Amino acid sequence: MHHDSASEERALGIMTSMHIHQCAKLISTVSCRPATSLSSAFVSSPCCGRPSGRAPRLARRSCGAAHRTCRHRAMTVAAAQQDASPDQAFTLVGSGRVGTALAKLGSGSDAFIERGQPVNGPPGPIIVCTRNDDLQGVLDSTPKDRREDLVFIQNGILQPWLDARGLGSNTQALVYFAVAKKGETPIDGRTDANPEGLTAVTGKHAQAFAGRLAHGDLSCKVLDQTQYKKSMLEKLIWICAVMLVGAKNGNIKVGEVEKNHKDEMSTLISELASAGEAELRVQLDDGVLERLLAYSRSVASFPTAVKEVPWRNGWFYDISLQAKQEHKDDPCPTHSAWLKQVGAVA
C-alpha cells in the first residue's frame, strides 16, 4: 500500500487475511503453483443479505477448527477453475507501480492500456490497475464480450458496484504486496499472525493471477466466493477502522494507532465486524482483532486518512442510515460519531 492517495490503492492491498499459520504449509502444497509460493490478493464478493444480529467472535480459534478450515481451503484451491501458465498474457489497464510490477513477472507478452484508451488485448485476464473512481471509465472502454475477463484489485467494497453492472462474478483480488517505486520489486505482505501471506483472489482468472504472482515469489491464496467475502470484509474493517482512528487522533501513523489506541481500534472493529457479518450473512473467523493489529504492525509507517468514503466507511455508514430510517438503533454508533467528528460525513 503506497503513501500517496493513488498509489496506496494500487500498490498496497491494505488488509489482513483470514488464514492462520497452521494452514500455511497445507495451502502452499496444493496451490497449483510453479515451484514458488503463490502471492497475496484480496478480493470482494457478493454483499447482499439482511442483518442477523450475530456478534463477531474475537478470540483465537481452536486447533481442531483450524485443521477443518485448512482442509476446506485446500480443497478450494485444488478445485480452482484453471491452471496457471507462465506464458499467460495479461492485459494491464494502467502502467503505474502495480501494473508495471505485474508485467515484470510475466513473459513479456502483456498488453498495456492507459486510462481512457479502448481496452483491447490478448485473450485472458484484463487486470484493472486503476483507482476506484476510474472503474466506470475502464468498463465503458471495454467491449461487452471481454468484460467477464476484467479482474478488479482495488481496495474497498466493490461488490455493489459490480453487481449493478452485471459483473458480480468477475475475478477480484485483495492485494497485500507493496511496490515502493515504479519498477521496483514487490514486497510480499506477511505478518507475525499470517506469515504465509495475505493476498487472496477469487473468480475465473484466480489461478492465472496467483500464478503470475508466484513467478515473483509472492504469496496468493485462491478462495471460493464465501471465503473471499469474509476476507474482503476483514480487510474493509481494517482500513475503515485504522484510518478513522488515525484521522481522529491527528492523522498519526498506523503504528501509532496500533501502539497507543488499541482500545479505540477494538471498539470500532467490534462494531464494524458485527454490522458487516449481519449485512453479508457471514461469520468471521475467530481472532479478528489480533489479525488486524498484526497487520497494523507490519505497515506501521503508513499514514492515515479517511478517503474514498463511498467505497470504504460509507458502506458501514449506509447501514447506520438504513437502521435510522427503520427506527432502529445505530449498529455502529461510535463509527458514525467519529466520521462526523473528522468531517467525513455531514
Side-chain angles (χ1 to χ4, degrees), residues 1 12-28 39-45 54-70 72-73 155-157 173-178 188-202 219-221 223 226-246 254-259 261-277 280 282-300 302 304 312 316:
M1 313 183 149
L12 308 166
I14 302 182
M15 169 55 202
T16 175
S17 164
M18 309 300 210
H19 299 303
I20 56 178
H21 178 56
Q22 293 97 319
C23 295
K25 184 175 181 181
L26 180 56
I27 292 291
S28 64
S39 175
S40 56
F42 215 92
V43 185
S44 67
S45 59
R54 183 169 55 236
R57 298 170 298 163
L58 299 181
R60 291 188 181 278
R61 64 166 57 242
S62 67
C63 290
H67 291 313
R68 288 193 296 272
T69 301
C70 287
H72 170 76
R73 288 172 182 160
N155 278 326
I157 184 162
L174 299 169
V175 175
Y176 281 89
F177 60 82
D188 207 352
R190 302 173 187 269
T191 72
D192 49 41
N194 295 97
E196 76 281 7
L198 296 171
T199 301
V201 64
T202 192
S219 62
C220 185
K221 300 163 186 174
L223 306 178
T226 298
Q227 290 298 325
Y228 184 80
K229 184 189 294 190
K230 294 166 62 177
S231 292
M232 178 276 299
L233 175 60
E234 195 162 320
K235 181 181 181 184
L236 181 67
I237 291 168
W238 181 86
I239 199 169
C240 291
V242 74
M243 295 297 159
L244 182 52
V245 172
V254 170
E256 295 176 74
V257 173
E258 190 276 333
K259 182 178 180 181
H261 300 279
K262 281 190 176 77
D263 289 346
E264 292 181 342
M265 275 285 284
S266 178
T267 297
L268 274 192
I269 289 170
S270 180
E271 282 188 5
L272 301 182
S274 180
E277 285 184 319
L280 300 184
V282 298
Q283 185 166 357
L284 298 177
D285 296 345
D286 293 337
V288 174
L289 178 61
E290 290 82 357
R291 289 193 297 278
L292 298 188
L293 291 176
Y295 185 68
S296 299
R297 291 191 293 273
S298 75
V299 292
F302 292 167
T304 60
R312 300 181 183 183
F316 291 106

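FYI, side chains are in, hydrogens and waters are out, and symmetry mates aren't considered; it's all heavy atoms of this structure. What you see is a predicted model, and the numbers here were worked out from it, not measured in a lab.
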> Taking 4.0 angstrom as the limit, do Glu234 and Arg291 come out as a salt bridge?
Replying inline: yes
> Which pair of heavy atoms, one from Leu233 and one from Gly276, lies closest together, and at what distance?
Replying inline: CD2-C, 3.7 Å
> Hey, what do you get for CG (Leu280) to OG1 (Thr226), rounding to the nearest 0.5 Å?
Replying inline: 11.0 Å
> Hey, are the side chains of Ile157 and Met232 touching, using non-hydrogen atoms and a 4.5 Å cut-off?
Replying inline: yes
>> I need the minimum non-hydrogen distance between Ala241 and Ile269, along with the two atoms involved.
In response: CB-CG1, 4.1 Å
>> Restricting to side-chain contact (heavy atoms from CB on, under 4.5 Å), what partner residues turn up for Lys262, sequence neighbours left out?
In response: Glu258, Leu293
> Which distance, rounded to the nearest 0.5 Å, do you find between the NZ of Lys229 and the OG1 of Thr202?
Replying inline: 11.5 Å
>> To check you understand the geometry: which heavy-atom pair defines the closest contact between Leu198 and Tyr295, and what is its length?
In response: CD1-CD1, 3.3 Å
>> Could you check whether any side-chain heavy atom of Val201 comes within less than 4.5 Å of a side-chain heavy atom of Lys221, counting everything from C-beta outward?
In response: no
>> If I compare all heavy atoms of Gly156 with all of Leu236, which pair ends up nearest, and what's the gap?
In response: CA-CD1, 4.0 Å
> Can any side-chain N or O of Glu277 pair as donor or acceptor with the backbone N or O of Leu284 at less than 3.5 Å?
Replying inline: yes
>> Arg297 vs Thr191, test: side chain to side chain contact (heavy atoms under 4.5 Å, CB included). Steps then yes/no.
In response: CA-CA 8 Å; Arg297 291 191 293 273; Thr191 72; over 6 Å; no
> Which atom pair, heavy atoms only, marks the closest approach of Ser296 to Met265?
Replying inline: OG-CE, 4.1 Å
> With sequence neighbours excluded, what pairs up with Thr304 under the side-chain contact (heavy atoms from CB on, under 4.5 Å) test?
Replying inline: Met243, Asn251, Val254, Val257
> Are the side chains of Leu272 and Cys240 in touch, meaning some heavy atoms are under 4.5 Å apart?
Replying inline: yes
> Taking the side chain as C-beta and beyond, is there a heavy-atom pair between Arg312 and Asn155 under 4.5 Å?
Replying inline: yes
>> Please find the pair of heavy atoms, one from Arg190 and one from Pro195, that lie closest to each other, and give the distance.
In response: NH1-O, 2.8 Å
